[in-house]
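For reference, the structure discussed in these notes is given below.
Numbered from 1 within each chain, the chains take letters A, B, ... in sequence-line order.
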Number of protein chains: 2
Amino acid sequence: MKRRNTPAKEAVLSLLSNSKKALSQDAIEKELSININRATIYRVLNRFCDDNIVHKIVAEDGKQYFAICRKCEETNKVQYHFHFRCLSCDSIECLETPVNYLLPNGYKVQNATCVLTGVCNNCS
Amino acid sequence: MKRRNTPAKEAVLSLLSNSKKALSQDAIEKELSININRATIYRVLNRFCDDNIVHKIVAEDGKQYFAICRKCEETNKVQYHFHFRCLSCDSIECLETPVNYLLPNGYKVQNATCVLTGVCNNCS
DNA sequence: TATTTAATGCGAATAAGTCGCAATTAAGTA
DNA sequence: TACTTAATTGCGACTTATTCGCATTAAATA
């Protein structure tokens, strides 16, 4: 299924590219200058995830946040790393800290989600 | 606010005590032999969390899972540790692996949620 | 310019979790 | 043991995040 370039896609991508933080759908919708339907934003984001252009983090608020990760881009593959969600400014940022874990035999990992929650340096 | 012993509370607590896995509200409701209202189950679980009797994990499916953690009990305080969610048997278990991270200056952590997703040894 | 099919908007649907409120009941006290 | 009070429950409605179906629009390419 070939992907097409559309205003919605470009707007979301450029917003994420210029953001150092992971954004939720409603944050994206608010920050966009053009009006894009809620469902469309989700579809655009999920397509980006499928194409490994952005990665999705689910925080302990149960919401999805999306980010283009510099680290992932540099190494050209998705790296599991910690995220920090600030309760004050309600944003999530990718930390440098990589995720390390030991796994009992027979377990296969497909994904790792690690989110620290608290107050970031800007807000404290 | 003093806590009371009720059938609902005891049923949920005994179910969690006998389970090695973290359970979601609907899993708990299904496994209980007595009928307890959905809202009540949530309230019981949240009270347990407030009292540090169970801990809550939010997985990347956005759902809340609740567990009594042996490790936490032994050390008598909540320890951040990795969790493993099996996509096949849809359960979450507490792993031994403790969570270690480096944090930039000025950040304050209140909570850490780390979930690995994949297939557990039973299911693979 | 015409064709094809991916992408969009809209509204409805789903699912998890919470809330208000009246009714119930555990637990302390007379 | 009966009485009191405040914690707990059940119910139904509500919220919020996300998805889905479907008709319509519009990229891309021949």
- Query: In chain order, what residues pass the ring-ring contact (aromatic ring centres under 6.0 Å, His included) check against B:Y65, with sequence neighbours excluded?
  - Reply: none
- Query: Whole Å only: how far is the OH atom of B:Y42 from the P atom of D:dG10?
  - Reply: 15 Å
- List in numerical order all residues of residues 58-66 of chain B for which some heavy atom is under 4.0 Å away from an atom belonging to DNA chain C. B:K63, B:Q64
- Task: Measure from CG on B:L45 to C1' on D:dT9 and round the result to the nearest Å.
- Result: 14 Å
- Estimated bend of the helix from C:dT1-D:dA30 to C:dA30-D:dT1 (axis per five terminal pairs, rounded to 10 degrees): 30°
- Under 4.0 Å protein heavy-atom contacts per nucleotide of nucleotides 24-30 of chain D, with B for base, S for backbone only and - for none: --BBS--
- Applied to residues 23-52 of chain B, the ring pair (Phe, Tyr, Trp, His ring centres under 6.0 Å) test, sequence neighbours excluded, yields none
Scan the side chains in residues 117-124 of chain B for donor-acceptor partners under 3.5 Å anywhere in the protein, sequence neighbours excluded, and list what turns up.
{"from": "B:T117", "atom 1": "OG1", "to": "B:E60", "atom 2": "OE1", "distance (Å)": "3.1"}
{"from": "B:T117", "atom 1": "OG1", "to": "B:E60", "atom 2": "OE2", "distance (Å)": "3.1"}
{"from": "B:N121", "atom 1": "OD1", "to": "A:Y107", "atom 2": "OH", "distance (Å)": "3.4"}
{"from": "B:S124", "atom 1": "OG", "to": "A:G106", "atom 2": "O", "distance (Å)": "2.9"}
{"from": "B:S124", "atom 1": "OG", "to": "B:C120", "atom 2": "O", "distance (Å)": "3.4"}

- Search all heavy atoms of A:N100 against all heavy atoms of B:T97 and return the closest pair with its distance. O-CG2, 4.5 Å
With a 3.5 Å cut-off and sequence neighbours excluded, list the donor-acceptor pairs that the side chains of residues 52-59 of chain B form with protein atoms.
{"from": "B:H55", "atom 1": "NE2", "to": "B:H81", "atom 2": "NE2", "distance (Å)": "3.3"}
{"from": "B:H55", "atom 1": "NE2", "to": "B:H83", "atom 2": "NE2", "distance (Å)": "3.0"}

- Phosphate OP1/OP2 of D:dT9 contacted by B:N35 side-chain N/O (<4.0 Å): no
- Qualifying residues under ring-ring contact (aromatic ring centres under 6.0 Å, His included), relative to A:F66, sequence neighbours excluded: none
- Item | Under-4.0 Å salt bridge between A:D26 and A:K63 | yes
- Query: Side chains of B:V115 and A:V115: closer than 4.5 Å at any heavy-atom pair?
  - Reply: no
- Query: What pairs meet the salt bridge (charged side-chain N to carboxylate O under 4.0 Å, His left out) rule with one or both residues in residues 92-115 of chain A, with sequence neighbours excluded?
  - Reply: A:K21-A:E93, A:K71-A:E96
- Heavy atom of residues 14-27 of chain B under 4.0 Å from DNA chain C: which residues? none
- Query: Under 4.0 Å between a side-chain N or O of B:T40 and OP1 or OP2 of D:dT8?
  - Reply: no
- Heavy-atom closest pair (B:A8 atom, B:I36 atom, distance to 0.1 Å) is CA-CD1, 3.5 Å
Protein-nucleic acid N or O pairs under 3.5 Å, nucleotides 19-24 of chain C:
{"from": "C:dG20", "atom 1": "O6", "to": "B:R43", "atom 2": "NH1", "distance (Å)": "3.3"}

- Per nearest nucleotide of DNA chain C, the residue lying toward the 5' end, A:R38 or A:I41, is A:I41
- Message: The criterion is ring-ring contact (aromatic ring centres under 6.0 Å, His included); which residues satisfy it with B:Y80, sequence neighbours excluded?
- Response: none
